[in-house]
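Residue numbering restarts at 1 for every chain, and letters A, B, ... go by the order of the sequence lines. No experiment lies behind these values; they were computed from the predicted model shown.
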Number of protein chains: 2
Amino acid sequence: MKEPEFTSSLELVRWIGWAQKKSGEDWIRARELSHEQAFVLGYLVDNPGSIQRDIAAVSRTSAASVSSLLQGLERRDLVERRTEDGDERRKRVYATPAGAELISGFEDAMAATDDAILAPLDGDERATLLALLKKITAELPQPRR
Amino acid sequence: MKEPEFTSSLELVRWIGWAQKKSGEDWIRARELSHEQAFVLGYLVDNPGSIQRDIAAVSRTSAASVSSLLQGLERRDLVERRTEDGDERRKRVYATPAGAELISGFEDAMAATDDAILAPLDGDERATLLALLKKITAELPQPRR
DNA sequence: ACCTAACTGTTAGATATCAAACTGTCAACA
DNA sequence: TGTTGACAGTTTGATATCTAACAGTTAGGT
């Protein structure tokens, strides 16, 4: 019973997701960030001025989680929030220079870990996998709430 | 920027993992359990007397998490922990009758949601997907710590 | 103008997770 | 028999997540 059978694809999917989260951990922990904080900070560098609602959608979480996550980043002056355009509901979020500097190289590090995880597959197999996953996710619910 | 490109298989993998977690949520919430509590309780019905270390390995988490998770289940008398075999280190964990009753049908419900997620794929495609995922996970680190 | 509904973000309370430090127990070995 | 190291579990303090309830803002309809 120490060797489970793994007949379920979705069990393997969850395992891979876990491994991906783990694999960049050294890089992230060296900067005293959580995985989620790093992801959002990286996203903000590429998409400055995003509103929290969109950040929640992209990071597949809730507005409430984004709110508290950004509080942590704002406390360390890694991001800045302000309202613009005369719309007092939306808060535009920006990475500060310190935040951008801290996260630089994150995407490269993540791409490297992705490559490491997919290493057992050759080019054709990766293409097949991507096609199958797209077929599944096309039918999947979006985390909009 | 509202239509992300998704060139990364691993991004899709994480999305599917998220959807799987969400999909059984109604069933689980009706019983006032968390996803993780339900998983562990179900595991204990099939593997009575497991020790916490093994539960951590199977649920791909840490001994500390299992410790606090089981405290929640024990508070509601859904599981019971006791030492046996004269080994005072290991704590054998059992689902109580109430716990077993509460979780009955869980595995069927989970299997149904798995089927719903994989619905876009036919039998051959599912077999291909499973083979590719096994190839990846064969090289993946185990969450042992 | 006003009312209402939708939208955006926050808070509160619960659970999960992790790392690190700690306690207690067992076993091997001198 | 005593010491030492490995093992199992807990605690602590931080962050993330969820739901539900809440507050302020905007826009639409009458």
Requested in this report: Just call it for Arg92(B): base, sugar-phosphate, or nothing, with non-hydrogen atoms closer than 4.0 Å on any strand.
Outcome: nothing

Query raised in the report: For dT17(C), does OP1 or OP2 lie under 4.0 Å from any side-chain N or O of Ser62(B)?
Result: no

Query raised in the report: So, is Gln71(A) near the phosphate of dT15(D), with a side-chain N or O under 4.0 Å from OP1 or OP2?
Result: no

Query raised in the report: Considering only side-chain heavy atoms of Lys22(B), which listed nucleotide, dA8(D), dC18(D), dT10(D), is closest?
Result: dC18(D)

Requested in this report: Give a yes/no on whether any side-chain N or O of Arg90(A) is located under 4.0 angstrom from OP1 or OP2 of dT8(C).
Outcome: yes

**Report entry** Spacing between Glu25(A) atom CD and dA14(D) atom P, to the nearest angstrom
**Finding:** 19 Å

Report task. Tell me which of Val66(B) and Ser68(A) sits closer to the 5' end of DNA chain D, going by the nucleotide each one is nearest to. Result -> Val66(B)

Report task. For the residue pair Ile136(A) and Trp15(B), establish whether any side-chain heavy-atom pair is separated by less than 4.5 Å. Result -> no

Query - Distance test, side-chain N/O of Lys21(A) to OP1/OP2 of dC18(C), below 4.0 Å - result: no

Query raised in the report: Contact class for Glu32(A) vs. all strands (heavy atom < 4.0 Å): base, sugar-phosphate, or nothing?
Result: nothing

Query - Presence of Ser34(B) side-chain N/O under 4.0 Å of dT15(C) phosphate oxygens OP1/OP2 - result: no

Query raised in the report: Would you find a donor on one side and an acceptor on the other, under 3.5 Å apart, between the side chain of Ser67(B) and the backbone of Ala63(B)?
Result: no

Query raised in the report: How close or far is atom P of dT17(C) from atom CH2 of Trp18(A), stated in whole angstroms?
Result: 12 Å

Query - Spacing of Lys91(A) atom NZ relative to dT11(C) atom P, expressed in whole Å - result: 8 Å

Query raised in the report: Any side-chain heavy atom of Tyr94(B) sitting closer than 4.5 Å to one from Arg82(B)?
Result: yes

Report task. Measure from the side chain of Asp87(B), starting at C-beta and using heavy atoms only, and say which of dC26(C), dA16(C), dC18(D) lies closest. Result -> dC26(C)

Report task. For Ala64(B) and for Gly72(B), locate the closest nucleotide of DNA chain C by heavy-atom distance; then report the residue assigned to the nucleotide nearer the 5' terminus. Result -> Gly72(B)

Query raised in the report: Under 4.0 Å: is that the gap between some side-chain N or O of Arg60(B) and OP1 or OP2 of dC18(C)?
Result: no

Query raised in the report: Could you state the CZ-C1' distance from Arg53(B) to dC7(D), rounded to the nearest angstrom?
Result: 7 Å

Report task. Could you please name the option among dT8(C), dA16(D), dG9(D) that lies closest to any side-chain atom of Ile51(B)? Result -> dG9(D)

**Report entry** N/O (side chain, Arg89(B)) to phosphate O (OP1/OP2, dT10(D)) under 4.0 Å
**Finding:** no

Query raised in the report: Quick one: do Lys21(B) and Glu36(B) make a salt bridge, cutoff under 4.0 Å?
Result: yes

Query raised in the report: Taking atom P of dA14(D) as reference, at what distance in whole Å does atom CZ of Arg76(A) sit?
Result: 13 Å

Query - Atom pair distance, as rounded to whole Å: CD in Glu88(B) and P in dA27(C) - result: 12 Å

Report summary line: note: Ile55(B), atom CD1; dT10(D), atom C1'; distance rounded to Å ~ 15 Å

Report task. Look at Arg126(B) together with Asp115(B) and state whether they make a salt bridge at an N to O cut-off of under 4.0 Å. Result -> yes

**Report entry** Along DNA chain C (nearest heavy atom to each residue), the more 5'-positioned of Arg29(A) and Leu69(B)
**Finding:** Leu69(B)

Report task. Ignoring backbone atoms, test whether Thr61(A) places a side-chain nitrogen or oxygen under 4.0 Å from the OP1 or OP2 oxygen of dC18(D). Result -> yes

Requested in this report: State whether Arg14(B) and Glu11(B) are salt-bridged, where the test is any N-O pair (Lys NZ or Arg NE/NH1/NH2 against Asp/Glu carboxylate O) under 4.0 Å.
Outcome: no

Query - Atom pair distance, as rounded to whole Å: CG in Leu41(A) and P in dA16(D) - result: 12 Å

